[in-house]
Amino acid sequence: MSKRFGRSGILFVISAPSGAGKTTLVEAIRQTPNLFYSVSCTTRTPRSGEIDGKDYRFLSDADFRTRLGGGDFLEHAQVHGDFYGTLREPILTNLKNGVDVLIDIDTQGAATIRNCDDPVIRQALADVFIMPPDLEELRRRLHKRGTETEQQINRRLETAAREMELWRDYRYTIVSGSVEEDLEKFRHIMAAEGYLSRRMIQK
Ligand code: 5GP
């Protein structure tokens, strides 16, 4: 970009029903240079292989409530019986410094951010829905992952069916194919969002 122009940071919000291959996709997008990934707080138990501070900040119920009371969260929601929350401060700081931010949150969280009062957040927002192929494929993927019981899988599929109704609320929808295809489509969105005139800052 010309020396006379910079641009403000973009807030990429990605929502995808559980098991849609999102974790792999998000892992790949996280490799993008100059992109800050917002690590969510959660009260859910870590899955095997998950690292505290990288995948989530795993908090006790009490710690989560303390942070909630302190106004630390930009949004929070209860998903499958556990609390999840996005920390506000790192997001605002990065956006103000012109750094793009990625957050991976459910449809409730995306709705909260869309309706947020903060003009910096609203201006920065680019929300993307990853539409899983169909519920049967989703069931197969969740079985293959093998981290949930049958009951938990059914619960996740019910949530997925509800969430899949909400794709129209998002600026972009990617109908999920292979991870490589999804990644390529996501990169196109990132590039186009970066060229929006309203994000340009003339120095
Ligand atoms: P999982 O337990 O499978 O990692 O995530 C369950 C759901 O919670 C996913 O849809 C994920 O996007 C969502 N989630 C993760 N972090 C947050 C967060 O900070 N806020 C909200 N609202 N949802 C989140």
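In this chain, numbering begins with 1 at the start of the sequence shown. As the structure lists them, so they are numbered: ligands from 1, and atoms in each ligand from 1.
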Going from CG on D55 to CD on E27, what distance comes out if it is rounded to the nearest 0.5 angstrom?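 Reported value, rounded in 0.5 Å steps: 6.5 Å.
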Only heavy atoms of [X], strictly under 4.0 Å: list the atoms of ligand 1 that pass.
X: R44; value: 1 (P), 2 (O), 4 (O)
X: G109; value: 22 (N)
X: R156; value: 2 (O), 3 (O)
X: K22; value: 9 (C), 10 (O), 11 (C), 12 (O)
X: A77; value: 22 (N)

Taking it one step at a time, do Y172 and Y170 satisfy ring pair (Phe, Tyr, Trp, His ring centres under 6.0 Å)? CA-CA 5 Å; Y172 301 97; Y170 289 72; over 10 Å; no
Ligand 1 versus [X], non-hydrogen atoms closer than 4.0 Å: side chain, backbone, both, neither?
X: Q108; answer: neither
X: R57; answer: neither
X: E163; answer: neither

Flag the pair [X] / [Y] as yes when at least one side-chain heavy-atom distance between them is below 4.5 Å, and no otherwise.
X: M164; Y: P132; value: yes
X: I91; Y: I121; value: yes
X: R67; Y: L87; value: yes
X: Q108; Y: L166; value: no

Please list the nearest protein heavy atom to [atom] with its residue and the distance rounded to 0.1 Å.
atom: atom 5 (O) of ligand 1; result: Y56 OH, 3.3 Å
atom: atom 19 (O) of ligand 1; result: S40 OG, 2.7 Å
atom: atom 7 (C) of ligand 1; result: V79 CG1, 3.8 Å
atom: atom 23 (N) of ligand 1; result: D106 N, 3.1 Å
atom: atom 12 (O) of ligand 1; result: D104 OD1, 2.8 Å
atom: atom 20 (N) of ligand 1; result: E75 OE2, 2.7 Å
atom: atom 6 (C) of ligand 1; result: Y84 OH, 3.6 Å

Among V101, D127, L102, which one satisfies side-chain contact (heavy atoms from CB on, under 4.5 Å) with L11?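 With L11 as partner, V101, D127, L102 yield a single side-chain contact (heavy atoms from CB on, under 4.5 Å), made by V101.
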Using the side-chain contact (heavy atoms from CB on, under 4.5 Å) rule, pick out the option among L25, D104, V26 that qualifies with I130.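 Of L25, D104, V26, side-chain contact (heavy atoms from CB on, under 4.5 Å) with I130 is met by L25 alone.
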Do any N/O atoms on G85 end up under 3.5 angstrom from N/O atoms on ligand 1?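 N/O-N/O distance under 3.5 Å: yes.
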Are R57 and F64 in a cation-pi contact, defined as NZ or CZ under 6.0 Å from the six-membered ring centre and within 45° of the axis?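 Negative - R57 is either too far from the ring of F64 or too far off its axis.
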Can E158 and R155 be counted as an ion pair, charged N to O under 4.0 angstrom?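 Salt bridge flag = no for R155 with E158.
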